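One structure below.
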Amino acid sequence: MEVTLLVQAADESFTILEKARVRAVDLMNTAAKLTSETRWMEEKRVRAIFRGARESRAGLQNFVVTFVILFVFWALLSGKYDAFHLSLGVICTGVVAWMGHELIFHNVRAGDMRVIAWRFLKYIPWLFHEIVMSNFHVARLVLSPRLPIDPNLMRYRTKLESDTSMVTLANSITLTPGTITIAIENGEFIVHALDRKVADDLNAGAMEDQVAHIFMEADHIYIQDVLDVARIFAALR
Amino acid sequence: MIHRGEDIIIRTISRMLIPFIQLYGLYVIMHGHYSPGGGFQGGVILGASLILLLITHGYHDARSRVPERVLTVFSGVGVFIYAGTGFLCLVLMGNFLDYAMLAKILHTDAAHARSLGILSVEIGVGMAVMAVMVSIFLDISTGGVLPGEEEEKQKTAEEA
């Protein structure tokens, strides 16, 4: 009699315990689900805020730089510096800069602009030096009575990535006497060279390295990436 | 049908030059009463910059900048500004486009009113000419049917 009572009590307590366990597992699952959902949503929100902030910052900076450049252009054209014409200039420049700032600065990120501008300014004297040197070379070729030219078309595979840097390199090649860029096809330059020496100079790749350095391409690192990593590390600490 | 240009050099250089061309067009419009130029010439330069964008980037890439509806509105508004300035002078007891009558509204002397009246007429002419130039180019190059329109028509037909 007492034994059966004991067994019944044990059974009841086991069922109660089983129910409690199921309920606890349910609760824990819901809690985990809720936490992961909130964390996911939070992460998404923060990421969106960061991306939006970066894009709008880059857009604003591109707009301001475009506005300044275009306003200088307007002032040079206009030549009238009274309030009426300057305000007309501000309106016109604003409209054009608002419509066209991502045309001039396509895919330029916020931190990179200053670096690119500074390196580009430093590139101009270097390019001028190259032009003068190859000018002397081409003059020697033309003035010598034997005319020792060896015109050839060469294909030149580049390591540059973006349109802007490729066009900069192509125009630099064309500006340098003795070489002319005919076309760019799938990252391959078709270049006409006047003789072996200018072709070898181009193949040595000094100019390409300079352009890659300006636009931080091909095993150069982006300044903005370094800044981002530094900020993430600071936040973690 | 206008396709995207293949040449990277032409595409990139024209991309960078277009804002300067547009600003030059606006300069020609805004200084038409001091120097050679004016509404028609500046409008043609503006239209040419948009046509350059269409040729180099293709209609699909450039349609957000050059929507057909905005062109229609611009041509209408441009003509309205031009004719409105003229009729405003008529209403103020002058002849059609008699700018000196605008001095009553603008509270300035007749010379300054003439200058401002010519400026507003030139803005109107420039807007209309720009929009009509690009519209003519689009109509000729697409045969009257823009690339997006066919899809929209098919969609509405399917929905109906």
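Everything numeric here is computed off the predicted structure, so don't read it as measured data. Letters A, B, ... are given to chains in the order of the sequence lines, protein chains preceding strands, and every chain is numbered from 1.
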Heavy-atom proximity to chain A below 4.5 Å, by part of B/Tyr34:
side chain
Salt bridge between A/Lys197 and A/Asp201, side-chain N to carboxylate O under 4.0 Å?
yes
Where on B/Leu53 is there a heavy atom nearer than 4.5 Å to chain A: the side chain, the backbone, both, or neither?
side chain
Indicate every side-chain donor-acceptor pair of residues 114-137 of chain B with a distance under 3.5 Å to a residue at least two apart or in another chain.
residue	atom	partner	partner atom	Å
B/Ser120	OG	B/Thr85	OG1	3.3
B/Ser120	OG	B/Gly117	O	3.0
B/Ser135	OG	B/Ala131	O	2.8

For each of A/Thr164, A/Leu103, A/Val167, tally heavy-atom pairs with chain B at distances under 4.5 Å, and name the one with the top tally.
A/Leu103
Any residues in residues 85-102 of chain A near chain B, with a heavy-atom distance under 4.5 Å, and which are they?
A/His85, A/Leu88, A/Cys92, A/Thr93, A/Val96, A/Met99, A/Gly100, A/Glu102
Show the numbers, then the answer: is there a side-chain hydrogen bond (donor to acceptor under 3.5 Å, both in side chains) between A/His192 and A/Thr179?
CA-CA 6 Å; A/His192 177 268; A/Thr179 47; over 6 Å; no
Partner set under side-chain hydrogen bond (donor to acceptor under 3.5 Å, both in side chains) for A/Tyr123, not counting sequence neighbours
A/Ser172
Could you check which of B/Arg11, B/Met16, B/Arg15 has the highest count of heavy-atom pairs closer than 4.5 Å to chain A?
B/Arg15
Is it the case that A/Thr158 and A/Glu208 place a side-chain donor and acceptor less than 3.5 Å from each other?
yes
Please state whether the side chain, the backbone, both or neither of A/Phe105 comes within less than 4.5 Å of a heavy atom of chain B.
neither
With sequence neighbours excluded, give me every salt bridge (Lys or Arg N to Asp or Glu O under 4.0 Å) pair touching residues 125-151 of chain A.
A/Asp150-A/Arg196
Is it the case that more than 12 heavy atoms not belonging to A/Phe71 sit under 6.0 Å from its CZ atom?
yes
Does A/Ala170 offer a backbone N or O that forms a donor-acceptor pair with the side chain of A/Thr181 under 3.5 Å?
yes
Report yes or no: does B/Tyr24 contribute a side-chain atom to a donor-acceptor pair with the main-chain N or O of B/Leu46 at less than 3.5 Å?
no
Using non-hydrogen atoms and a 4.5 Å limit, figure out which bit of B/Ile18 sits close to chain A: side chain, backbone, both or neither.
side chain
With a 4.5 angstrom heavy-atom cut-off, which part of B/Arg65 approaches chain A: side chain, backbone, both or neither?
side chain
